[in-house]
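Every chain is numbered from 1, with letters handed out A, B, ... down the list of sequences.
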Amino acid sequence: MVCRLSTRLLNICIASLCRAHRLDKAETVIADSIRLGILPDAVTYNNLIDAYCQLVGVDAAYHVLDRMREAGISPDVVSYNSLMAGAAMEGLLPRLQGLFEEMCQKDIHPDVWSFNTLMHCFFKSGKPDEANKIFWYIMNNDLSPSPATFNIMINGLCKNDFADYALTLFWYLRSCGLVPEIITYNILIDGLCKAGRVRAAKRILKELGKSGSAPNAITYTTVMKCCFKNRQFRQGFEILSEMERKGYTFDGYAYCTVIAALVKVGRTKEATHYMEQMMRNGIQLDIVSYNTLINLYCKEGNLEVVSKLLCEMEERGLDCDKYTHTILIHGLCRSGDIKRARQHLHSMNMSFDSKLVAYNCVVDGLGKDGQIDNAMDMFKSMERKDTFTYSSVVHNLCKARRYRCASKLLLSCVRNGLKLLDSAQRAVLEGLSDSGFPSEVNKIRSIIRIARMSHY
DNA sequence: GTAGGGTTAG
């Protein structure tokens, strides 16, 4: 009895050390307890497996499984579920499948958690069909789906362009005896917003209001972000005020959303206010918050603080990502230092897709600097181009009054199934008509109309 | 004891 009670105390202690990321200390406590005759049980090891997965990696966690067996304790479904969650977190689908098989071979029956994790990893690995199969396996084999089953499905479907299917599942959920959670609403609202289905998202938000459960800070951040993405800044900032009025706690996500939006509309003073508040509230900066702050200081032209932040990141062992580089390149272009921007772009050791936005910045920077031929050269050298690449070049060609060249690009853009930004399209059409090519204008208009129809 | 929100180009 005493020993069992002590093991429970040991587990409470280990759980709290793991939460505090103090793995070394947890190991010392376990070793000391064993010396005192207090033996760890399955819960102790499962806690440890979970912590190793999150803090070190699934391989390190697997060693704990070996130690568990050596201590005469059989790993159970929780041990395997934790390991599989670790593999899913690292996106290691084959590893997860291996663990799943190993578990079945050892006659440990997978539960709905195991299947949920498998489904999640299939989605993460870009295999929505496989995930869908698992979902229907759960449904058809009476494995009692949990709310998480639906959350993972709805999230995965939204992120893989199946927003309609996600909506259907949302309405279907109740007939399985489940009630949507706040997470379910948040996932769906975000998914629909990102799919451009703002009206459907509003309907779900209304549904949340009717459900009796309250939106949380994540709901607010999600909806706010959706407004900003659609350039509805006024509405977005109204949601911000409401969030403040109602006393919601801001975390790093909320602060970064607000700061980035304020920077985008040029309200850097207010952005600085929120940044200071974020610092005062002791929010730990991660790579995304550093990028947000670097962007703010770039916009203000305070390059001294930018380099200070970069040093700080390095000291803390945080690597610059594509966003950091793109923000810096954009900052250099804006300050008129196109040469350094180009150098920085070429020093980026990443895939072309990760560099696309940075390329767009430099192409635009060259055009704005009056180097339209250099801009065209860079444009031609690009492996892939998007709406922004075309729009920026077209805009700059119009500025240089090279309307014929701009209209050719506009047409090739349409042929590639891309839409030019309205402002760029207008610039071409107005330019052509002003410089005496009205028939050209009509031709382009009808080609655009036909292209749009064929895309529907 | 899973699952959700944040950063770049116009």
Would you classify [X] as touching base, sugar-phosphate or nothing, given that sugar-phosphate means primed atoms plus P, OP1 and OP2, and contacts are heavy atoms under 4.0 Å?
X	result
A:Asp50	nothing
A:Ile183	base
A:Ser391	nothing
A:Thr257	sugar-phosphate
A:Arg231	base
A:Lys194	sugar-phosphate
A:Lys124	nothing
A:Thr324	nothing
A:Lys159	sugar-phosphate
A:Asn216	base
A:Ala85	nothing
A:Asp386	base
A:Asp251	base
A:Leu421	base

Inset, instruction - Identify the 5'-most and 3'-most nucleotides of DNA chain B with at least one atom closer than 4.0 Å to a non-hydrogen atom of chain A. - result: B:dG1 to B:dG10

Inset, instruction - Look at the rings of A:Tyr274 and A:Phe250 and say which category their plane angle falls in: under 30° parallel, 30 to 60° tilted, over 60° perpendicular. - result: parallel

Inset, instruction - Take atom NZ of A:Lys229 as the centre, draw a 6.0 Å sphere, and report whether it contains more than 12 heavy atoms from other residues, nucleotides or ligands. - result: yes

Inset, instruction - Kindly compute the distance separating CG (A:Asn396) from OG (A:Ser392), expressed to the nearest 0.5 Å. - result: 5.0 Å

Per-pair distances, 0.1 Å, donor-acceptor, side chain in residues 181-191 of chain A, under 3.5 Å, sequence neighbours excluded:
unit_1: A:Glu181; atom_1: OE1; unit_2: A:Asn151; atom_2: ND2; d: 3.0
unit_1: A:Thr184; atom_1: OG1; unit_2: A:Asn151; atom_2: OD1; d: 2.7
unit_1: A:Thr184; atom_1: OG1; unit_2: A:Glu181; atom_2: N; d: 2.8
unit_1: A:Thr184; atom_1: OG1; unit_2: A:Glu181; atom_2: O; d: 3.2
unit_1: A:Asn186; atom_1: OD1; unit_2: A:Thr219; atom_2: OG1; d: 2.8
unit_1: A:Asn186; atom_1: ND2; unit_2: A:Asn216; atom_2: OD1; d: 3.2
unit_1: A:Asp190; atom_1: OD1; unit_2: A:Lys194; atom_2: NZ; d: 3.2
unit_1: A:Asp190; atom_1: OD2; unit_2: A:Lys194; atom_2: NZ; d: 3.1

Inset, instruction - Test the A:Lys385-A:Phe379 pair against the cation-pi criterion, namely NZ or CZ under 6.0 angstrom from the six-membered ring centroid and within 45° of the ring axis. - result: yes

Inset, instruction - Please list all pairs passing the side chain to side chain donor-acceptor pair (under 3.5 Å) test where one or both residues lie in residues 41-56 of chain A, with sequence neighbours left out. - result: A:Asn11-A:Asp41, A:Asn11-A:Thr44, A:Glu27-A:Tyr52, A:Asp41-A:Thr44, A:Asn46-A:Asp76, A:Asn46-A:Ser79, A:Asp50-A:Gln54

Legend entry - Distance-minimising heavy-atom pair for A:Val363 and A:Met382: CG2-SD, 4.0 Å

